[in-house]
Chemist: 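Structure below; questions to follow.
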Protein chains: 2
Amino acid sequence: MNDNVTSGNPLISAAKVQGTAVYDTEGGRLGQVEDIMLHKVSGEVAYAVLSFGGVLGIGERFTPLPWSVLTYDPDRGGYVVPLAKERLQNAPHYDRAELTNDDNGWGARVNDFYQVTPSWA
Amino acid sequence: MNDNVTSGNPLISAAKVQGTAVYDTEGGRLGQVEDIMLHKVSGEVAYAVLSFGGVLGIGERFTPLPWSVLTYDPDRGGYVVPLAKERLQNAPHYDRAELTNDDNGWGARVNDFYQVTPSWA
């Protein structure tokens, strides 16, 4: 559940979410939504994949957050997460291949870290 | 529900879905998935937005299909929809602004056309 419902359109395109900034509750910019992971069987939006701006993608790490952790703030034009930068730095993170090609069970580790139980789990 | 579940990873990234080819059941190429529309409140993948390859996007039309209509075919490496090209040409279609900025009720018209009732409706 995500309360990104302030605009008139009940739908949002994935392309619009990709690239949207992510802030902490103090307004500090944490990074941006790089991609979205969809759960195939349930058809649900499962995770927002945050990036923190590596140099040309070299050594770039991606931090998946359960979609329900993000709240859209229309004033900031970005998502807010109730997490300090330090906590995010210690959160489970992966490279792109691990996230997209590999079934290494990262979803369960991410759910544990954020203490979220998705509907399909 | 989508049976794109043949690979080991129960998740797929939106970036991977964007650009994936769409075929009819005879194997004819219909177009490609241009984008994905997410339903904000339920957090569900609502529609795949098909494009048919306009020239530099000029006059390009986008045809949203309920996500449940698409089936992933690992042999073809693309999605299959049980629709003839002629039927898709007559399906509801919109330009990008209509799809992404405007709450003009296109979702209801698309659901009607494909006779699909999404869980949030």
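Chain naming here is simple, since letters A, B, ... match the order of the sequence lines and numbering starts at 1 in each.
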Chemist: Between chain A and each of B/Ile36, B/Val49, B/Leu38, count heavy-atom pairs under 4.5 Å; write down the option with the most.
Modeler: B/Leu38
Chemist: Tell me, side chain or backbone of B/Ala46 under 4.5 Å from chain A's heavy atoms, or both, or neither?
Modeler: side chain
Chemist: Measure the acute angle between the ring planes of B/Trp106 and B/Tyr94, then classify it against the limits of 30° and 60° as parallel, tilted or perpendicular.
Modeler: tilted
Chemist: Cluster question for you: counting only ILVMFWY and a side-chain heavy-atom cut-off of under 4.5 Å, with indirect links fine, are B/Leu88 and B/Val80 together?
Modeler: no
Chemist: Between B/Gln18 and chain A, with a heavy-atom cut-off of 4.5 Å, which part of the residue counts as in contact: side chain, backbone, both or neither?
Modeler: side chain
Chemist: Would A/Phe113 and A/Thr63 count as a side chain to side chain contact (heavy atoms under 4.5 Å, CB included) if you check the C-alpha gap in whole Å, the side-chain angles of each, and the deciding distance to 0.1 Å?
Modeler: CA-CA 12 Å; A/Phe113 186 85; A/Thr63 301; over 6 Å; no
Chemist: Using only atom types and a distance under 3.5 Å, with no angle test, would you say the side chain of B/Arg76 pairs donor to acceptor with the backbone of B/Ala21?
Modeler: no
